[in-house]
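For ligands, and for the atoms within them, numbers begin at 1 and follow the listed sequence. All of these numbers come straight from a predicted model, not from anything done at the bench.
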Amino acid sequence: MRKKVTVIGAGNVGATLAHRLVDKQLADVVLIDILDGIPQGKGLDLLEAGPIEGYDVRINGTNDYADTANSDIVVMTAGFPRKPGMSRDDLLKANYDVVKAAVTQAVKVSPNSILIVVTNPLDAMVQTALRVSGFPKNRVIGMAGVLDSARYRTFIAEALNVSVHDVEGMVLGGHGDTMVPVPSYTTIAGVPIAQLMPREQLDKIIDRTRKGGAEIVNLLKTGSAYYAPSSAVVQMIDAIFNDRKKILPCAAYLEGEYGIKGLFAGVPVKLGARGIEEIVQIKLTAEEQAALEKSAAAVKELVAVIGV
Ligand code: APR
């Protein structure tokens, strides 16, 4: 049977994600939004590209959660994007209400789904989704690390003038200014980055990575990034549907791993058919571990504000 993905929010991230999913024929897609006509129009437009592009998956836009029933994966992109000068945290309260309402309705009709949350501030929103859904922790995942790592890898590849395929690197911690790129596991075709780039240059890249979302917001002026974020979600969905057991940095609910308890944070996880199948515990340098704990403390403050 074909897989079914519901994308909540038919805005920039949601619609681009729907586009990428049908292009890759990963699943039938339902696009849902509170705006009347937008998900229907974008859904129909994407459907009509099928005969040209050669995909024959179904795509349907709706305002009715009944149409989302029995989804295998529900991706939460609904919410308000950042405006210039606004931090992800400013979005906290507004998007809390959106995530709570949408997740409540979605899980009622798709009780066995896996939830992937994209809405910012990411770590607090994915924690909201965990509490509201009552799902086990392996089925509630935050998308941040794959995106932040892609930005980090892009900047490194550019600086060294090498293929992005050769650059491996992880960004852990919260999806905010305190995120933690991990130099000790950054390699170029297997070669540790320390051998190829002076630390000062890498520090500049780390700083740019941390501000990667804001860089796009400042350029766009009317919204936030959506091409790379939607690609990141597709990679996670592909890992789950194809049971790839792929190690990816994702926001996962931690219960003592990395010294963090009762909180989501970006860590390497094994993604497969059951969602997060394992939290992979790697050895960090003292500096990286301290940065991870600092990042978790920032997430904890946010979570306390909304009481999840
Ligand atoms: N239920 C469903 N859809 C909603 C709801 C809701 N309760 N509230 C808002 N929406 C919809 C809006 O109508 C809009 O179509 O969510 C969509 C958001 O789209 P954009 O404004 O284009 O925002 P986008 O760039 O897609 O970002 C969405 O992802 O990366 C994060 O920070 C970003 O939190 C933001 C989210």
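Proximity of V118 to ligand 1 is established by a heavy-atom distance of less than 4.0 Å.
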List the steps and the verdict of side-chain contact (heavy atoms from CB on, under 4.5 Å) for T209 and V171. CA-CA 9 Å; T209 302; V171 177; 4.2 Å; yes

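Counting non-hydrogen atoms of other residues, nucleotides and ligands closer than 6.0 Å to CZ of R20 gives a total above 12. Within a 6.0 Å radius of NZ in K24, other residues, nucleotides and ligands contribute 12 heavy atoms or fewer.
Judged by distance alone, the side chain of S133 and the main-chain N or O of V107 form no donor-acceptor pair under 3.5 Å.
Counting heavy atoms under 4.0 Å from ligand 1, residue I38 does not touch it at all.
The closest side-chain heavy-atom distance from H19 to L46 is below 4.5 Å. R210 has its side chain out of reach of Y152: every pair of non-hydrogen atoms, C-beta onward, lies at least 4.5 Å apart. Using a 4.5 Å heavy-atom cutoff, the side chains of L17 and V29 are not in contact.
In this structure, atom 25 (O) of ligand 1 lies nearest to the protein heavy atom N12 CB, 3.6 Å. Ranking protein heavy atoms by distance to atom 19 (O) of ligand 1, first place goes to G11 CA, 3.2 Å. Ranking protein heavy atoms by distance to atom 11 (C) of ligand 1, first place goes to D33 OD2, 3.2 Å. Nearest to atom 21 (O) of ligand 1 among the protein's heavy atoms is P81 CD, 3.3 Å.
The atoms of ligand 1 that sit less than 4.0 Å from any heavy atom of T77 are 28 (C), 29 (O), 36 (C). Close approach of ligand 1 to V98 (heavy-atom distance below 4.0 Å) involves ligand atoms 5 (C), 6 (C), 7 (N), 8 (N). Atoms of ligand 1 lying under 4.0 Å from any heavy atom of G79, numbered from 1 in the order shown and given with element: 9 (C), 16 (O), 18 (C). Of all the atoms in ligand 1, the ones that sit under 4.0 Å from a non-hydrogen atom of F80 are 34 (O), 35 (C). Here is the list of ligand 1 atoms found below 4.0 Å of a heavy atom in N95: 34 (O). Listed by number with element, the atoms of ligand 1 under 4.0 Å from a non-hydrogen atom of L35 are 13 (O).
Ion pair K93/D97 not flagged as a salt bridge, since none of the NZ, NE, NH1 or NH2 atoms sits closer than 4.0 Å to an Asp/Glu carboxylate oxygen. D28 has a carboxylate O that lies under 4.0 Å from a charged side-chain N of R2, or vice versa, which qualifies the two as a salt bridge. Salt bridge present: E255 and K137 bring a charged side-chain N and a carboxylate O closer than 4.0 Å.
Evaluated for a side chain to side chain contact (heavy atoms under 4.5 Å, CB included) with M197, the options D203, L160, T186, I188 yield exactly one hit, L160.
By the 3.5 Å distance cut-off applied to N or O atoms, V13 is counted among the residues near ligand 1. Inclusion of T119 in the set of residues having an N or O under 3.5 Å from an N or O of ligand 1 is not warranted. For ligand 1, none of its N or O atoms has an N or O atom of Y65 under 3.5 Å away.
Relative to atom 9 (C) of ligand 1, the option among V103, L147, I34, I32 with the closest non-hydrogen atom is I34. For atom 3 (N) of ligand 1, the choice among G213, S224, A78 with the nearest heavy atom turns out to be A78.
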